[in-house]
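For reference, the structure discussed in these notes is given below.
Bear in mind the structure is a predicted one, so any value in this text is a computation, not a measurement. Indexing begins at 1, ligand by ligand and atom by atom, following the structure's order.
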Amino acid sequence: MSDDMSIFPKIALKPEVYDYLRGVFTNKEILAAVDQGEAEKRFQGLLSCLSHPPAFTCVRVSTHLASLEEIQHRLKEELKQQQKCGSEDFSITIFPHPHIPDVLLLPVMGPRPVVQLSAEVIVGAQCGSAVLRGAHVFAPGLLATPKFMKKGDVVSVFSDLEGKCTRGNKDFQGKRVFVGNGVSEMGRVDIFCSDKPVKGVGIRMVEPLYQSPSFDGILPSLVFLQNLPSVVVGHVLGPLPGERILDMCAAPGGKTCHIASLMGGQGEVVALDKIRGKVERICQNAKALHLDSIKAYCFNSVKAVCSDSRQDTEGPPYPPESFDRVLLDAPCSSLGQRPNMASTGSLKEICSYPPLQRKLFHTAVQLLRPGGVLVYSTCTVTLSENEELVAWALNTFPCLSLQPQDPHIGAEGMLGAGLSPENLRLLQRFSPELGWVQETEEEEFSAKQPESQSKPPLSQRANEDTIGFFIAKFLKR
Ligand SMILES: C[S@@+](CC[C@H](N)C(=O)[O-])C[C@H]1O[C@@H](n2cnc3c(N)ncnc32)[C@H](O)[C@@H]1O
């Protein structure tokens, strides 16, 4: 299927990164299993699906505070209320994930045939991606607006793909994509000429290209927007009430809060992150979700183990074998994130992650007690940060073995790192390209119903059409 049949172009990568990734997805082990054409098709499928948003919005619910059914009911009521205040009427479908007890799924409707207007605003790529997942445009994300834009104006919103639009511009003709229409909540002067940092909604989206509710201010203690694979991580870690858990790279705390919720608030969850401002976000999220078993510290986790095994202070560093379970949700090249229309990262940057991941992994193994569980995860698609890291870990730490994961709703590990078939089956890789079916433009714009006959069941699509993600679970003997 050619590129111009797609609503968005494939993700734009630096040529060196494109060649590197192509090499990963057509490596020798893969080519021994499938032919070159099939491997190439999957790689091109990956590039296409990365620029599009996943087909479902995933919400993790606070089952430590209320039942899933009660939260589902309250969420539906809240979203109906939100809809009454907006200008569009669309049916709200919310269904529980069939295998994950604290997940609600909402099908995303789109892309829809939205007519572009003559008044245009430009937003940053990150803001544009958030709009494609249901957000309104927050004022700090605005880069360019019409010269005389005032409150109440109806405008078309475009995302600046390459980060080339200067803040305060009046127009912009560089590479951009249309993400929908909205109503301005502020005048141009309020946005660009204020002394104070500008806050709040700048453009309220009324006709987004992809329709998904905005969760801003919706049941803040009961629902938390989280990608499905990230929720799977908490369950795979399997924390038990009363245990002591370490989350080594924790901010903004989505997984930390999930872990504390699964433990019913009993025990201790230590959350570390090296960026102070981000640690504040962990604390804010823990507070909003009423989780007080979380202790968050600003700390470089590479140094989180101390040599004196008698030292037992409140905060880091900790003596070896201090924790029952450790989560290493590692800093990574993030190439699985969706939607992402352009990645500005260099090959050098991508190659800088495995050494850091290995250092963090060393610390993780030291801090874990014998008999404890270590979960390693990333939101990227490379081999070097995923299966090759696992192969290195199994060679370096004979005390570690891979464990089955529950739930295991993703695919198995990818070929190319020399892992045995048994070990590959124990890994969980969310590979959206495997289920990616590119539609023609006509089909894409048909405002398709998710219940469409020709498609696999909703829950299967929700498991497949996710961000790219990787999970490995180890037991320390
Ligand atoms: C993938 S994000 C974590 C997401 C988080 N687990 C969640 O679910 O909300 C990786 C985090 O690692 C942090 N980080 C990077 N290097 C670190 C280090 N040496 N020590 C501690 N945190 C680090 C980054 O600041 C970033 O917040």
Side-chain angles (χ1 to χ4, degrees), residues 58-60 62 100 102-103 126 130 215 223-237 239 245-262 269-289 291 294-306 315-318 323 325-338 340 343 345 349-350 352-367 374-382 385-386 389 430 466-473:
C58 174
V59 178
R60 178 169 61 73
S62 297
I100 307 181
D102 48 6
V103 164
Q126 221 183 338
F215 283 80
V223 302
F224 193 91
L225 272 183
Q226 202 167 16
N227 286 302
L228 184 62
S230 295
V231 184
V232 170
V233 169
H235 290 285
V236 168
L237 185 69
I245 315 287
L246 174 64
D247 186 352
M248 293 178 72
C249 297
K255 297 183 189 73
T256 313
C257 291
H258 189 202
I259 293 166
S261 166
L262 289 173
V269 186
V270 172
L272 305 181
D273 203 281
K274 71 167 191 186
I275 298 177
R276 187 164 302 281
K278 289 188 170 188
V279 175
E280 279 158 27
R281 284 297 310 279
I282 304 176
C283 300
Q284 285 162 6
N285 281 326
K287 196 168 168 215
L289 296 167
L291 293 162
I294 294 171
K295 294 195 174 126
Y297 302 96
C298 177
F299 204 79
N300 177 358
S301 286
V302 171
K303 299 183 175 159
V305 61
C306 58
Y318 298 98
F323 294 91
R325 291 170 207 260
V326 175
L327 171 60
L328 173 51
D329 185 38
C332 69
S333 54
S334 305
L335 286 166
Q337 287 294 350
R338 296 173 59 194
N340 181 5
S343 166
E349 195 183 323
I350 293 175
S352 73
Y353 285 104
L356 171 62
Q357 290 155 349
R358 289 176 191 202
K359 280 187 198 154
L360 288 162
F361 200 97
H362 256 287
T363 309
V365 177
Q366 284 176 276
L367 285 174
L374 163 59
V375 169
Y376 173 84
S377 57
T378 75
C379 61
T380 198
V381 300
T382 63
E385 298 171 81
N386 297 325
L389 185 293
F430 288 85
T466 61
I467 61 166
F469 205 89
F470 178 83
I471 311 174
K473 176 177 183 175

### Query
Got a second to check how far Leu291's CG is from Thr256's OG1, nearest 0.5 Å?
10.0 Å
### Message
Rounded to the nearest 0.5 Å, what separates atom CD1 in Ile275 from atom CZ in Phe299?
### Response
15.5 Å
### Task
May I ask you to check whether Thr380 and Asn386 show a side-chain donor-acceptor distance below 3.5 Å?
no
### Message
Pair Ser261, Asp102 - check side chain to side chain donor-acceptor pair (under 3.5 Å), show working.
### Response
CA-CA 10 Å; Ser261 166; Asp102 48 6; 5.6 Å; no
Just need the protein heavy atom nearest to [atom], so name the residue and atom and give the distance.
{"atom": "atom 8 (O) of ligand 1", "answer": "Lys255 NZ, 2.9 Å"}
{"atom": "atom 23 (C) of ligand 1", "answer": "Lys274 CG, 3.7 Å"}
{"atom": "atom 12 (O) of ligand 1", "answer": "Cys249 CB, 3.2 Å"}
{"atom": "atom 20 (N) of ligand 1", "answer": "Ser301 N, 2.9 Å"}
{"atom": "atom 10 (C) of ligand 1", "answer": "Asp329 O, 3.9 Å"}
{"atom": "atom 4 (C) of ligand 1", "answer": "Ala251 O, 3.0 Å"}

What I want to know is whether [X] and ligand 1 share at least one N or O pair that is separated by under 3.5 angstrom.
{"X": "Gly253", "answer": "yes"}
{"X": "Gln226", "answer": "no"}
{"X": "Leu360", "answer": "no"}
{"X": "Asp247", "answer": "no"}
{"X": "Val302", "answer": "no"}

Just jot down the ligand 1 atoms closer than 4.0 angstrom to any heavy atom of [X], in number order.
{"X": "Asn300", "value": "18 (C), 19 (N), 20 (N)"}
{"X": "Pro331", "value": "15 (C), 16 (N)"}
{"X": "Phe299", "value": "20 (N), 21 (C)"}

### Query
For Asn285 and Cys257, what are the C-alpha separation, side-chain angles and deciding distance, and is it a side-chain contact (heavy atoms from CB on, under 4.5 Å)?
CA-CA 7 Å; Asn285 281 326; Cys257 291; 4.0 Å; yes
### Task
May I ask you to decide if Ala251's main-chain N or O and Asp273's side chain share a donor-acceptor pair within less than 3.5 Å?
yes
### Task
Not counting sequence neighbours, which residues clear side chain to side chain donor-acceptor pair (under 3.5 Å) with Gln357? List them please.
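By the side chain to side chain donor-acceptor pair (under 3.5 Å) rule, Gln357 matches Glu385.
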Measuring only between side-chain heavy atoms, which start at C-beta, is [X] closer than 4.5 Å to [Y]?
{"X": "Lys295", "Y": "Val269", "value": "no"}
{"X": "Thr382", "Y": "Ser333", "value": "yes"}
{"X": "Val270", "Y": "Tyr318", "value": "yes"}

### Query
Where the closest heavy atom to atom 24 (C) of ligand 1 is concerned, which of Asp273, Ile282, Leu272, Val233 has it?
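Heavy atom nearest to atom 24 (C) of ligand 1 belongs to Asp273.
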### Query
Does ligand 1 have a heavy atom under 4.0 Å from the side chain of Ile275, from its backbone, from both, or from neither?
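Side chain only.
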### Query
What part of Ala330, side chain from CB on, backbone N/CA/C/O, both or neither, has a heavy atom under 4.0 Å from ligand 1?
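For Ala330, the contact with ligand 1 is made by the backbone alone.
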#### Entry: ligand 1 contact by Met248, heavy-atom criterion under 4.0 angstrom
yes
#### Entry: Contact check, Ala250 vs ligand 1, heavy-atom distance below 4.0 Å
yes
### Message
Run the side chain to side chain contact (heavy atoms under 4.5 Å, CB included) test against Cys379 and tell me which residues pass, sequence neighbours left out.
### Response
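Result, side chain to side chain contact (heavy atoms under 4.5 Å, CB included) vs Cys379: Cys332, Ser334, Gln337, Ile467, Phe469.
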### Message
Between Phe430 and Phe470, is the ring centroid distance below 6.0 Å?
### Response
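No, they do not, as the ring centres are separated by 6.0 Å or more.
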